[in-house]
Asks: 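Structure in structure tokens, see below.
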Amino acid sequence: MKKILNILFAGLMLTALNACSDLDTTPYVGEVSDLVYQDADNYKKVLAKLYAGLAVSGIEPQDGNVDLKGIDGGSQSYLRAYWYLQEFTTDEAVVGWGDPGLPDLHASSWTASNQWTSNFYSRTLYQVTVANEFIRESAPEKLEARGLSGDTQIPLYRSEAKFLRALAYYHALDMFGNVPFVTENDPVGAFLPEQISRTELFNYLETELKALETELPGPQGNEYGRADQGAVWMTLAKLYLNAEVYTGTAKYNEAAEYAKKVIDAGYTLNPNYQANFMADNDQSNELIFTINYDGNQTATWGGTTTLIHASIGGTMNPADFGVDGGWSGFRTTKEFVSLFDNGADDRRLLHSDGQKLEIDEIGTFDNGYAVAKWSNLTSAGVPGKSLAHTDTDFGVYRLSDAYLMYAEAVTRGGSGDQSLALSLVNQLRTRANATPVTALTLDFLLDERGRELFWEAHRRTDLIRFGKFTTGYNWAWKGNVKEGRDIGTHMSLFPIASSDIVANTNLVQNAGY
């Protein structure tokens, strides 16, 4: 299912996919639900909708007939909102646009009514809602009642839906902490979900993901873009690496264990670093789990279409990136640029021609270096299928991240091989033609994660884990001050959407909002 996101059943599901962000809303009801789930062939199509929820905003091209009514289609894209929250709140990215709520991200002045935090909050819960319904409708007793108990593929689809639900809940755990919680075992209909604590959600995800280890195919054993054990292991490694932030209890032994599972699973580094961010990156053996895009089949104004177009402006030539124009939006800060000051590094994919290093005016594109990492060209230099909408897939998980997670977990005292940790980091540096290092420190590893993984939606989580998000490290325009300033520690979590606080009396807002 190379491009699983082509929604073949749009007509059938047209009236069935308008669930709001509340977790108690069922997306398939009454006769529509019966019609869909009686046919074994439809289960894979509904599964496609679950994967599509990560990439597109609705069931029609260019974000038409959106899932979440009342929110602009491009703005409610799962990946777009996730990337914005992970990058614009850090030293890696600034944006010159004045869309409501957007300038507040880099200025660290978001509130519970911020459009982008609320959009992503709603999007994660929508993913959970749709997954819950699929998991409920694919239960063994339901299949038996429909005469489908002999189908061997539907149980696999059900496990994939559980993974996608776990991924959405993991992102909610990381960004919002204590969120409303519902599974397939809760009743369908109008009720107010209870709020789960961050520690309780961590424990639930740990149990759920470890169960999925035995239910999903081995690494690279599923169709491209679908979840397998490698995706599960990466999520567990992420969960454990950040456990001290999430629960107060460190789990670096476990983080090293699961990162090592990925390292030993047969993935390989692509000799060409930039090939991981191009229109044919589906050919890279380095990508472990992806959000898939196709310029024709998944035409969206979110995802990598935004990421590539919005990065282009000034003296940059859009044709050099396989697109039809630049949106003159995204750049980076001088603090991030300084990570590359200590010698040659092929990962320094920055555009400085006509650009100022200093950002005097965030709204002016030539203030701040541009980033030339993502492209809609193939590794052979051929544009994707469309110049308007990109073919470039987004690597949620990449092997190099497993290398760096293992190195960090061991450096933090987790069980593992320190010499292997050093070797893994130097393999990344050698690929980048950067000078190998002789020892690892936490400060170096944070910087190396920036060099290797920038603009891949990791930075906010990394800075929080290293204790440098709110205090201890400042960058241009953090806190809406040119030289940057410390911000309140409560901002390590985003607020629960104010609309949900009003609607659900069981919810308590995060401290400080």
Side-chain angles (χ1 to χ4, degrees), residues 16-30 33 53 57 66-72 75-76 78 81-82 85 100-101 104-105 109-137 162 164-208 245-248 488-513:
L17 297 173
N18 294 330
C20 72
S21 62
D22 296 334
L23 284 169
D24 62 338
T25 305
T26 173
Y28 314 124
V29 293
S33 180
S57 300
V66 293
D67 300 322
L68 304 179
K69 301 307 181 186
I71 303 177
D72 173 73
S75 299
Q76 67 172 263
Y78 191 105
Y82 181 66
L85 297 186
D104 298 336
L105 297 181
S109 58
W110 59 80
T111 68
S113 298
N114 182 275
Q115 173 180 321
W116 296 97
T117 61
S118 297
N119 285 358
F120 189 68
Y121 176 86
S122 297
R123 198 75 213 183
T124 57
L125 301 189
Y126 174 81
Q127 280 291 102
V128 170
T129 301
V130 181
N132 276 341
E133 183 67 5
F134 182 83
I135 295 164
R136 184 181 295 115
E137 292 295 337
K162 288 183 177 181
L164 293 173
R165 178 178 64 183
L167 183 67
Y169 265 139
Y170 169 65
H171 289 155
L173 167 79
D174 181 70
M175 293 200 165
F176 302 103
N178 312 318
V179 295
F181 180 73
V182 172
T183 72
E184 75 278 12
N185 298 318
D186 289 292
V188 176
F191 77 101
L192 299 178
E194 296 289 337
Q195 191 169 21
I196 191 171
S197 75
R198 211 176 192 189
T199 297
E200 290 171 329
L201 184 53
F202 177 97
N203 293 335
Y204 165 82
L205 288 172
E206 180 183 26
T207 300
E208 185 84 344
V245 172
Y246 299 153
T247 70
T489 57
H490 70 281
M491 303 193 89
S492 290
L493 280 177
F494 292 115
I496 294 173
S498 59
S499 57
D500 219 15
I501 291 290
V502 172
N504 186 350
T505 56
N506 291 326
L507 303 182
V508 177
Q509 183 60 275
N510 289 331
Y513 293 105

Asks: For a 4.5 angstrom cut-off between non-hydrogen side-chain atoms, does Val128 reach Val182?
Replies: no
Asks: Indicate the atoms forming the closest heavy-atom contact of Thr247 with Phe202, along with that distance.
Replies: CG2-CG, 3.6 Å
Asks: How about Asn504 and Asn506: do any of their side-chain heavy atoms sit closer than 4.5 Å?
Replies: yes
Asks: Determine whether Leu173 and Val179 make a side-chain contact, defined as any pair of heavy atoms from C-beta on separated by less than 4.5 Å.
Replies: no
Asks: Please check: side-chain N/O of Arg136 versus main-chain N/O of Glu184, any donor-acceptor pairing under 3.5 Å?
Replies: yes
Asks: Can you label the angle between the Phe494 ring and the Phe176 ring as parallel, tilted or perpendicular, going by 30° and 60°?
Replies: tilted
Asks: May I ask you to test the Ile135-Arg165 pair for a side-chain heavy-atom distance under 4.5 Å?
Replies: yes
Asks: For the residue pair Tyr121 and Tyr126, confirm or rule out a side-chain donor-acceptor distance under 3.5 Å.
Replies: no
Asks: Are side-chain N/O atoms of Ser113 and Ser498 paired as donor and acceptor at under 3.5 Å?
Replies: yes
Asks: Evaluate the ring planes of Tyr169 and Tyr204, with Trp represented by its six-membered ring, and classify them as parallel (under 30°), tilted (30 to 60°) or perpendicular (over 60°).
Replies: perpendicular
Asks: Do you know which two heavy atoms are closest between Asn178 and Asn510, and how far apart they sit?
Replies: ND2-OD1, 4.3 Å
Asks: With distance as the sole criterion, is a donor-acceptor pair present between the side chains of Arg123 and Gln76 under 3.5 Å?
Replies: yes
Asks: If you measure only the distance, is there a donor-acceptor pair under 3.5 Å linking the side chains of Ser75 and Asn119?
Replies: no
Asks: Are the side chain of Gln127 and the backbone N or O of Thr124 linked by a donor-acceptor pair below 3.5 Å?
Replies: no
Asks: Say you draw a straight line from OG1 of Thr129 to CD of Glu133; how long is it, rounded to the nearest 0.5 Å?
Replies: 9.5 Å
Asks: Are the side chains of Phe181 and Pro193 in contact, using a 4.5 Å heavy-atom criterion?
Replies: no
Asks: Is any side-chain heavy atom of Trp116 closer than 4.5 Å to one of Leu85?
Replies: yes
